[in-house]
Amino acid sequence: MLQLYSLRPWISTRNSESDLCSSSKRKSRLHSNRRVPISTFNLDNFAVKRRGNWKTSSGIIWRKLDPSMKIKISSKVKCNLSPMDSKNCSQTVQDCGAKLLMASLCSHLVVKLIQLNSMNAVMELVQKSFYHTVRTIGASNLPFACMSNSLGKPTPLQLDVSLPSFQDIRWSFARLVYLFNIQLERNVATFFIVLLVACFSFVIIGGFLFFKLRGSSQSLEDCFWEAWACLCSSSTHLKQRTRIERVIGFVLAIWGILFYSRLLSTMTEQFRNNMYRLREGAQMQVLETDHIIICGVNSRLSFVLKQLNKYHEFAVRLGTATARRQRILLLSDLPRKQMDKVADNIAKDLNHIDILTKSCSLSLTKSFERAAANKARAIIILPTKEDRYEVDSDAFLSVLALQPLPLMASVPTIVEVSSSNTCELLKSISGLKVEPVENVASKLFVQCSRQKGLIKIYKHLLNYRKNVFNLCNFPHLAGLSYKELRRGFQEAVVCGLYRNGRVYFHPNDAEILEEADKVLFIGPVHGTKKPQLSYPHVFEENDDSINNVETIKQNSEFLNGALGATRERLKNIVKRPKRSDSKAPDWCVGPTERVLVLGWRPDVVEMIEEYDNYLGPGSVLEILSDVPLDARLKAFKLAGHGKLKNIRVSHRVGNPMEYNTLEETIINIQKSSKKEVDIPFSIAVVSDKEWKVGDPSRADKNSAYSLLLAENICGKLGVKAQNLVAEVVDSKLGKQITRIRPSLTYIAAEEVMSLVTAQVAENVELNDVWKDILNAEGDEIYVKDISLYMKQGENASFYELSERANLRREIAIGYVKNNKKFINPIPKLEPLSLELNDSLIVISELEGEQPVVM
């Protein structure tokens with residue numbers, strides 16, 4: 001007979017591991033563990049009567065009550081009936097029937113719950129379908145939502161959800177390392193951040209492991225501190241007690257050693273990187289005011305710095321300097337180590353300037369912004385290349401880089417360019433105060449090669465320790481005539497007026513001085529103390545009446561009366577006519593000469609044109625160099641100048657430092673000239689293009705050797721050379737040559753141009769003065785024979801010579817006596833006792849030697 005018993009089931013809160021225990025253990029846990037009765041279950045029991053014992057077993061059944069919930073119903077009950085309990089058998093059967101009824105009711109409730117759960121699942125499915133439909137319709141109505149489908153239906157994405165291959169994983173890892181290395185190259189501190197993240201990660205992981213192993217015996221904070229101690233101090237892991245803790249401490253100690261070693265190397269590398277940036281100066285912001293910025297490094301940099309040093313020395317003495325030492329900021333695209341080396345070699349003897357270097361690009365606005373260009377006193381842009389077109393293009397880009405900076409209209413920018421067209425282009429840039437200085441070194445070389453001693457006069461006028469050009473405003477003298485002004489300054493030589501941005505040399509004596517005019521004169525650097533008018537009348541010290549207009553006119557009349565005899569004599573001087581179109585004398589053409597030029601470079605074309613302005617018809621200019629003829633003809637075509645009027649140019653290919661080649665060239669020139677006519681012969685050595693490659697001193701050595709070789713050949717052949725000149729960069733070598741051979745002349749044209757650039761940086765208005773003097777079309781400095789201004793035996797004063805020169809529309813600025821030059825001689829009324837072999841230094845429009853008619 002089959003009996004069904006219903007036992008009251010329990011659900012344990014323990015996990016499934018309790019099912020693996022034995023039945024005896026399970027019975028004990030029924031009372032020790034917390035049980036939760038369940039009201040819905042499905043029980044399958046069967047009873048088997050064996051040997052008087054009823055055993056009721058229930059199988060293990062999983063019933064799914066909810067998609068997210070599973071209940072494990074497990075019960076196993078053994079019921080043993082002894083003979084003593086047989087009386088209660090019937091009562092037990094009745095109890096079992098009641099329990100069975102309760103089980104049936106619970107089963108019914110379970111079925112209802114399952115049906116309700118199914119309905120909830122169906123409703124959830126309907127809601128998800130509705131949400132997906134609404135989202136699809138809304139997305140299809142958006143712009144560009146279904147651009148790939150012309151019907152407006154979204155195309156399902158064909159996603160590859162397969163696992164990546166080993167090669168893809170390897171490439172991804174390599175890509176990650178690559179990106180990290182790029183970031184590390186940009187900033188070394190990236191590795192420092194990674195190290196810190198890894199360090200704290202190890203501390204957190206180690207702290208949690210210690211806390212897991214030690215349980216409640218130690219707090220989490222103490223576990224983190226223990227992990228940090230193991231990482232910081234490698235000996236801390238020796239104090240661990242258990243085996244696992246020792247392993248964890250050992251790993252943390254090893255990582256701590258690696259971390260601190262990498263941290264030290266990273267910090268060292270970061271410090272080295274920062275020091276490198278500081279040395280280069282590219283990222284450093286300059287915090288200076290009233291400093292001078294020099295852009296570019298070339299062979300003329302030393303002359304510019306020396307000139308600025310001299311000017312600041314006198315500014316300190318005169319009390320016009322704003323600082324004890326002038327700050328000079330040197331910008332270049334060269335490495336900063338190379339710039340520092342150049343600056344250290346130059347600044348050894350410069351005690352009044354401080355040189356700062358900064359490596360950067362000269363065509364970027366950011367470079368000038370970091371150099372505080374808008375707060376500078378002046379900006380000088382030097383050429384760094386030999387090609388004239390590259391020089392002008394680089395200068396133009398640098399000036400354009402300055403334009404976006406604010407407040408640049410008050411900062412003068414001095415730019416060395418190679419042509420006058422570039423000067424006009426740079427001046428047309430708005431918002432900047434650009435003062436282009438045309439490099440006329442080649443023209444200056446021609447002028448100085450034709451007049452011995454002229455280069456020394458130029459250097460004298462550019463030396464702040466001597467007499468230089470000055471521009472000064474005298475508003476209290478407004479209303480005076482230029483004649484009264486010219487005669488009134490006894491401590492300076494008045495050369496002209498500066499009016500409306502233009503320089504007027506030797507204006508009309510009746511010209512009235514205006515209040516805004518500036519007087520151009522040659523004298524010492526005046527500073528805050530301006531030169532005063534002085535006349536024969538004696539005034540007490542600090543008497544202001546000396547500068548009154550009425551007093552000046554009275555003294556001028558007295559001076560004119562005292563010098564009446566001199567004015568009567570000067571009336572017999574034949575005045576020069578109006579300005580002609582050439583630099584030749586008034587009544588004839590220029591002199592005919594033969595010139596041998598040793599060496600070649602592209603600006604020799606400008607030298608040839610300058611010779612054509614001074615020489616007369618029939619002149620010959622021959623060029624000897626090892627540069628091919630094609631390169632020379634190309635330079636002529638690129639220059640694009642007009643046809644030569646007075647000279648004939650011939651080319652010869654050969655090495656000017658070879659004795660036989662040079663001797664043959666000199667002999668051919670002598671044979672080509674007419675024997676009955678004595679034509680002056682001159683030799684000029686220019687720095688060859690190949691000689692300038694590398695060390696600049698190499699060009700000077702080759703030029704000096706070629707000149708000495710030419711002098712030796714001329715002496716052996718009996719050829720008389722009127723002028724033997726050589727172009728050098730270092731004037732010290734030129735002085736050594738002149739000591740050995742006084743007949744030789746050295747011309748440092750590049751040095752003179754550098755001094756002009758530095759002087760213009762201190763006073764931009766002098767740019768027009770030097771532009772006029774160094775240009776063949778304007779007024780120039782000449783050393784003329786004194787016999788043109790006085791008779792033999794006449795003991796004239798400098799004042800009288802100045803008046804005679806003024807009648808010839810010339811300005812006497814000094815004289816040469818016994819091969820010594822005197823600029824702005826003081827006093828001017830004393831006799832000079834000059835001989836006819838002496839010379840007078842004048843500023844004149846023309847070169848002609850017009851005699852004085854007495």
Measuring from Leu231:CG to Leu258:CG, what's the distance to the nearest 0.5 Å?
-> 10.0 Å
Side chains of residues 167-179: which donor-acceptor pairs under 3.5 Å do they make with residues two or more places apart or in other chains?
unit_1	atom_1	unit_2	atom_2	d
Asp168	OD2	Ser165	OG	3.1
Ser172	OG	Asp168	O	2.9

Between CE of Met339 and CG of Leu301, what distance do you get to the nearest 0.5 Å?
-> 9.0 Å
Could you give me the CA-CA distance, side-chain angles and deciding distance for Leu308 and Ile294, then say whether side-chain contact (heavy atoms from CB on, under 4.5 Å) is met?
-> CA-CA 11 Å; Leu308 295 176; Ile294 300 178; 4.2 Å; yes
With the side chain counted from C-beta on, respond yes when Leu305 and Leu350 share a heavy-atom pair under 4.5 Å apart, and no when they do not.
-> yes
Closest approach of Gly296 to Leu330 (non-hydrogen atoms, all atoms of both residues) | O-CD1, 3.8 Å
Hey, what do you get for CG (Asp700) to OG (Ser299), rounding to the nearest 0.5 Å?
-> 9.0 Å
Partners passing side-chain hydrogen bond (donor to acceptor under 3.5 Å, both in side chains) against Asn309 (at least two apart in sequence or in another chain) | none
Give a yes or no answer on whether the side chain of Arg632 reaches the backbone of Val627 with a donor-acceptor pair at less than 3.5 Å.
-> yes
Side-chain (Arg601) to main-chain (Ser687) donor-acceptor, under 3.5 angstrom | yes
In sequence, state the C-alpha distance, the side-chain angles, and the governing distance for Ser419 and Thr422, and then conclude on side chain to side chain donor-acceptor pair (under 3.5 Å).
-> CA-CA 6 Å; Ser419 64; Thr422 308; 2.9 Å; yes
When you measure from the side chain of Glu288 to the backbone N and O of Ala371, does any donor-acceptor pair fall under 3.5 Å?
-> no
Start with the C-alpha gap between Val434 and Val415, add the side-chain angles, then the distance that decides, and say whether side-chain contact (heavy atoms from CB on, under 4.5 Å) holds.
-> CA-CA 7 Å; Val434 183; Val415 187; 4.1 Å; yes
Nearest 0.5 Å please: distance from the NZ atom of Lys341 over to the CD1 atom of Ile346.
-> 12.5 Å
What residues form a side-chain hydrogen bond (donor to acceptor under 3.5 Å, both in side chains) with Thr268, not counting sequence neighbours?
-> none
Side chains of residues 192-211: which donor-acceptor partners sit under 3.5 Å, not counting sequence neighbours?
unit_1	atom_1	unit_2	atom_2	d
Ser201	OG	Val197	O	2.7

Ser233 side chain vs Cys230 backbone, donor-acceptor pair below 3.5 Å | no
Quick one: do the Asp392 and Ser418 side chains pair a donor with an acceptor below 3.5 Å?
-> yes
Please test Asn298 against Glu750 for side-chain contact (heavy atoms from CB on, under 4.5 Å), starting from the C-alpha separation and ending with a verdict.
-> CA-CA 11 Å; Asn298 57 16; Glu750 297 290 343; over 6 Å; no
Any Gln326 side-chain heavy atom under 4.5 Å of Ile292 side chain | yes
Among pairs that include at least one residue of residues 394-407, which meet side chain to side chain donor-acceptor pair (under 3.5 Å), considering only residues two or more places apart or in two chains?
-> Lys385-Asp394
Output the distance between atom CG (Leu432) and atom CG (Leu400), rounded to the nearest 0.5 Å.
-> 8.5 Å
Inspect the surroundings of CH2 in Trp255 and state if more than 12 heavy atoms from other residues, nucleotides or ligands are less than 6.0 Å away.
-> yes
Is the number of heavy atoms from other residues, nucleotides or ligands within 6.0 Å of CD1 (Ile244) greater than 12?
-> no
Exercise: identify the closest heavy-atom pair between Lys358 and Ser367 = CE-O, 4.5 Å
What heavy-atom pair brings Cys360 and Leu331 nearest, and what distance separates the two atoms?
-> SG-CD2, 4.1 Å
How far apart are the closest heavy atoms of Ile379 and Cys295, and which atoms are they?
-> CG2-SG, 4.3 Å
Using only heavy-atom distances, determine whether the side chains of Asp333 and Ser361 contain a donor-acceptor pair under 3.5 Å.
-> no
Any chance CZ of Phe224 has more than 12 other-residue heavy atoms, nucleotides or ligands included, within less than 6.0 Å?
-> yes
Flag side-chain contact, heavy atom, 4.5 Å: Val286 against Leu329 = yes
Applying salt bridge (Lys or Arg N to Asp or Glu O under 4.0 Å), name anything that partners Glu416, two or more places apart in sequence or on another chain.
-> Arg300
Considering all heavy atoms, the nearest Pro436-Lys427 contact = CD-CE, 3.7 Å
Would you name the heavy atoms of Ala401 and Pro404 that are closest together and state the gap between them?
-> O-CD, 3.4 Å
CD1 (Ile257) and CG (Leu252) are apart, to the nearest 0.5 Å, by 11.5 Å
Given side-chain contact (heavy atoms from CB on, under 4.5 Å), test Glu245 with Arg214 step by step and report yes or no.
-> CA-CA 9 Å; Glu245 291 180 355; Arg214 296 175 182 177; 2.9 Å; yes
Check for a donor-acceptor pair, side chain of Arg325 on one end and backbone N or O of Asp354 on the other, with a separation under 3.5 Å.
-> no
